[in-house]
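Beneath this line is the structure, given in structure tokens, with notes to follow.
Any value given below was found using the heavy atoms of this structure, including those in side chains, with hydrogens, waters and symmetry copies removed. Residue indices begin at 1 and follow the sequence shown.
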Amino acid sequence: MSLREVILIIAAFATSVPLQAQQMSKPASSVTQRTNHEVLQTLPFNDDEDFRLIQRGFIASLDDLAIENSSGRVVFDQSAFEFIAGEAPPSVNPSLWRQAKLNAYHGLYEVMDGIYQVRGYDVSNMTFIRGNKGWIVVDAMLSMEPAQAGLDLVFEHLGERPITAVIITHSHGDHFGGLQTLVGDDTEVIVPEGFLKHVGSEGIIAGAAMTRRVMYQFAPRLHKNERGHVDSGLGKGISAGGTRSLVPPTLEIKRTGERHTIDGVEFVFQVTPGAEAPAEIMFYLPEFKALCVAEMANATMHNLYTLRGATVRDGLIWSKHLNDSLELFGSDLDLVFGSHHWPRFGRAKSVEFISKQRDLYRYIHDQTVRMMSNGFTPREIAEQLALPPSLDKEFYNRGYYGTLSHNAKAVYQYYLGWFDGVPANLNPHPPSEAGARYVLLAGGAESLLKHARESYAKGDYRWVAELVNHLVFAEPDNSKAKALLADTYEQLGYQAESAIWRDFYLTGAQELRTGKTIAAPGGFIRPTLLPAMPTELLLDYLAVRLNPTGLEEKTARFNLEFTDRSEEFLLFLENSVLHNRENKKSDVTDASVRLTRLAIVEWASGAKTIDQLIDTGQIEVIEGNPQKFKELFNSLEPFDLGFNIVTP
């Protein structure tokens with residue numbers, strides 16, 4: 001899971017679900033019920049091995065399942081999922097329901113003597129390895145509040161010991177957000193090479209757009225019930241509204257085979273960049289014959305492209321990294337555990353699990369490339385691609401998070417980009433203009449709706465969605481069209497095996513029925529993440545907010561001195577582009593400025609205006625024209641974190 005999926009969630013977005021939205025949900029149609037029932041015939045639901053594995057080694061769970069932040073607001077509540085029991089209801093794909101039941105187990109578990117995991121109190125796990133002097137913690141969850149709850153649970157049942165080291169397996173926020181809770185003055189913080197660079201580049205530059213889409217992918221505003229959010233595939237859900245933090249690392253792992261003895265425990269590291277995360281490490285523990293696979297192997301198919309938006313991941317290198325793991329550690333392996341889900345025990349099961357995850361990503365890659373090399377377009381490939389039975393029947397290869405459909409399109413995009421080669425798709429009309437033409441072609445709105453309702457009655461929901469979406473974009477105030485499209489998205493959500501497809505569909509239905517429940521221009525950079533962020537990244541963030549209107553002929557140059565970092569930057573505007581250069585000063589400038597990085601964050605988050613920061617002395621123009629500096633910042637437009645998605 002990416003930093004973009006977590007660091008960018010603004011607490012105000014996760015407020016209570018409107019009663020109106022809950023009351024407007026519809027039951028599963030007869031077509032959906034039949035479709036979901038047919039799933040029961042396709043998979044080995046009598047295989048209960050995963051249920052035995054996930055309960056193995058249970059020690060205790062939290063007494064209070066509602067984890068609160070400092071203001072008393074609940075950021076994660078495992079008890080909200082107590083409705084997930086028994087057989088799958090008609091409104092949930094039975095395969096997803098099975099995954100939801102597994103992810104509902106929570107507590108402290110002994111993996112083996114000396115290795116323990118806290119699971120089920122955020123979307124990710126927190127692992128504890130007993131060292132000579134204290135605990136070595138692997139990953140820190142998404143937020144400080146669940147990390148603290150997990151730490152308290154460990155101390156209560158396993159003994160209070162110092163945290164001697166924290167290993168952050170990769171650069172996604174659900175694995176480092178709780179760091180400040182765990183790190184003391186003497187705690188070693190170990191990360192993969194390039195960790196800070198990718199934390200920043202993934203979470204800030206395109207963060208505004210991704211923040212909005214995260215609200216669809218993890219759907220914190222959907223009601224948690226059988227017609228709403230049931231699972232996130234990787235775990236129950238995210239700790240929305242929790243406090244995120246970041247601590248500078250003390251050690252970067254740079255190469256595969258690197259060995260370190262940490263608090264008396266030997267670690268052999270494997271670096272796995274460019275796959276699930278741009279910076280990621282796995283490690284082997286010879287003493288335990290245990291392999292931590294981080295997020296490279298999971299109890300679900302992962303994303304080669306994630307729906308909230310991300311750089312496409314390389315399925316080929318992902319597969320090769322897992323093959324390297326088998327060659328490096330497979331002969332001695334007795335245990336596999338990771339950053340999500342539950343462990344695999346014994347050499348045979350561990351090797352089989354990694355092998356079939358390896359083959360999953362290689363098959364998607366190879367077969368997509370084969371078909372695209374024969375002229376098939378992304379949508380055609382996604383419609384045809386199917387896993388062989390040996391891979392498809394494994395529950396850990398099912399599409400609870402990623403799917404074959406959008407992963408095939410990701411492979412195509414990785415090699416050939418967005419264009420499918422069809423000239424008609426080079427320069428199509430934007431949705432609203434195309435929608436108006438489709439409505440005209442259909443004989444008007446009522447004629448289009450008549451045809452769509454007939455298709456809806458037949459259960460052809462994919463066609464209804466495509467057709468009525470044109471009408472909604474052509475006539476966004478057409479209440480009949482929005483109602484039918486909402487009903488259609490709802491049925492598609494009920495049928496989805498993927499948790500994130502379900503949440504996308506159901507959130508779209510909710511917003512069509514009730515309107516947007518969020519609308520918050522402003523920023524998303526948090527002061528708690530500031531200490532480790534590169535200053536260059538903050539200045540690059542300013543550049544993507546530059547509105548060039550009226551700046552075509554203007555230039556500006558500013559010498560910046562960041563007093564909290566003893567850093568100097570040249571910030572200059574040319575050709576409607578804002579550049580920054582570290583350790584550069586210009587003899588001819590419009591102003592020389594002293595400031596702190598916190599001042600940039602307060603401005604970017606909307607907490608203070610540029611005038612307030614200058615008036616209070618947080619930004620000090622020591623030479624030159626203050627007005628020129630203000631003019632630059634006033635040309636940096638805020639992002640609308642509540643932009644429309646299902647309507648124009």
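For Tyr305, there are no ring-ring contact (aromatic ring centres under 6.0 Å, His included) partners at least two apart in sequence or on another chain. For Val544, the side chain to side chain contact (heavy atoms under 4.5 Å, CB included) partners are Ile205, Tyr541, Phe639, not counting sequence neighbours. Residues satisfying the side chain to side chain donor-acceptor pair (under 3.5 Å) test with Asp503, not counting sequence neighbours, are His229. For Lys608, the side chain to side chain donor-acceptor pair (under 3.5 Å) partners are Gln618, not counting sequence neighbours. Checked against salt bridge (charged side-chain N to carboxylate O under 4.0 Å, His left out), Glu536 has no partners two or more places apart in sequence or in another chain. In this view, Arg502 satisfies the side chain to side chain donor-acceptor pair (under 3.5 Å) rule with no residue, not counting sequence neighbours. Annotation: side chain to side chain contact (heavy atoms under 4.5 Å, CB included) contacts of Ser70 (sequence neighbours excluded): none. The ring-ring contact (aromatic ring centres under 6.0 Å, His included) test applied to Trp97 returns no partner, not counting sequence neighbours. With sequence neighbours excluded, the residues forming a side chain to side chain contact (heavy atoms under 4.5 Å, CB included) with Leu40 are His37, Phe45, Pro94, listed by chain and number. Residues satisfying the ring-ring contact (aromatic ring centres under 6.0 Å, His included) test with His429, not counting sequence neighbours, are none. Remark: Phe419 engages no residue in a ring-ring contact (aromatic ring centres under 6.0 Å, His included) (not counting sequence neighbours).
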Practice item. Could you please spell out the steps behind the salt bridge (charged side-chain N to carboxylate O under 4.0 Å, His left out) verdict for Arg398 and Asp392? Key: CA-CA 7 Å; Arg398 302 297 300 181; Asp392 191 50; 2.8 Å; yes
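Atom CD of Glu38 is surrounded by more than 12 heavy atoms from other residues, nucleotides or ligands within 6.0 Å. Surrounding CZ of Phe633 are more than 12 heavy atoms belonging to other residues, nucleotides or ligands, all under 6.0 Å away. The number of heavy-atom neighbours closer than 6.0 Å to CG of Asn575, taken from other residues, nucleotides and ligands shown, is 12 or below.
Salt bridge Glu511/Arg212: present, at least one basic N to carboxylate O contact under 4.0 Å. Using a cut-off of 4.0 Å between Lys/Arg side-chain N and Asp/Glu carboxylate O, Asp487 and Arg513 are scored as salt-bridged. Salt-bridge check for Asp477 with Lys482: failed, with every basic side-chain N at 4.0 Å or more from each acidic carboxylate O. A salt bridge does not link Glu68 with Arg73: every distance from a Lys NZ or Arg NE/NH1/NH2 to an Asp or Glu carboxylate oxygen is 4.0 Å or more.
In summary, the side chains of Thr32 and Gln495 do present a donor paired with an acceptor at a separation below 3.5 Å, with no hydrogens or angles considered. Asn298 and Thr300 share no side-chain donor-acceptor pair at under 3.5 Å. Asn69 and Ser71 form a side-chain donor-acceptor contact under 3.5 Å, judged by distance and modelled atom types alone. Of the N and O atoms on the side chains of Thr306 and Gln217, at least one donor lies less than 3.5 Å from an acceptor on the other residue. For the residue pair Thr507 and Tyr489, no side-chain donor N or O sits within less than 3.5 Å of a side-chain acceptor on the partner. No side-chain N or O of Asp122 forms a donor-acceptor pair with one of Ser124 less than 3.5 Å apart. In summary, the side chains of Thr243 and Glu145 do present a donor paired with an acceptor at a separation below 3.5 Å, with no hydrogens or angles considered. His175 and Glu295 share a donor-acceptor pair across their side chains, judged by distance under 3.5 Å alone. Counting only N and O atoms by type, the side chains of Glu497 and Asn93 include no donor and acceptor under 3.5 Å apart. Side-chain polar atoms of His579 and Glu574 form no donor-acceptor pair below 3.5 angstrom. Side-chain contact of Ser29 with Gln491: a donor-acceptor pair under 3.5 Å is present, judged by distance alone. Side chains of Thr377 and Glu380: a donor-acceptor N/O pair is present below 3.5 angstrom, by distance only.
The salt bridge (charged side-chain N to carboxylate O under 4.0 Å, His left out) pairs that include a residue from residues 436-452 are Glu446-Lys480, Lys450-Glu454, where partners are two or more places apart or lie in different chains.
With ring centers used as reference points, Trp318 lies under 6.0 Å from His302. In summary, the aromatic rings of His451 and Tyr456 are positioned with their centroids too far apart to meet the 6.0 Å limit.
With rounding to the nearest 0.5 Å, the separation of CG in Asn36 from OG in Ser95 is 10.5 Å.
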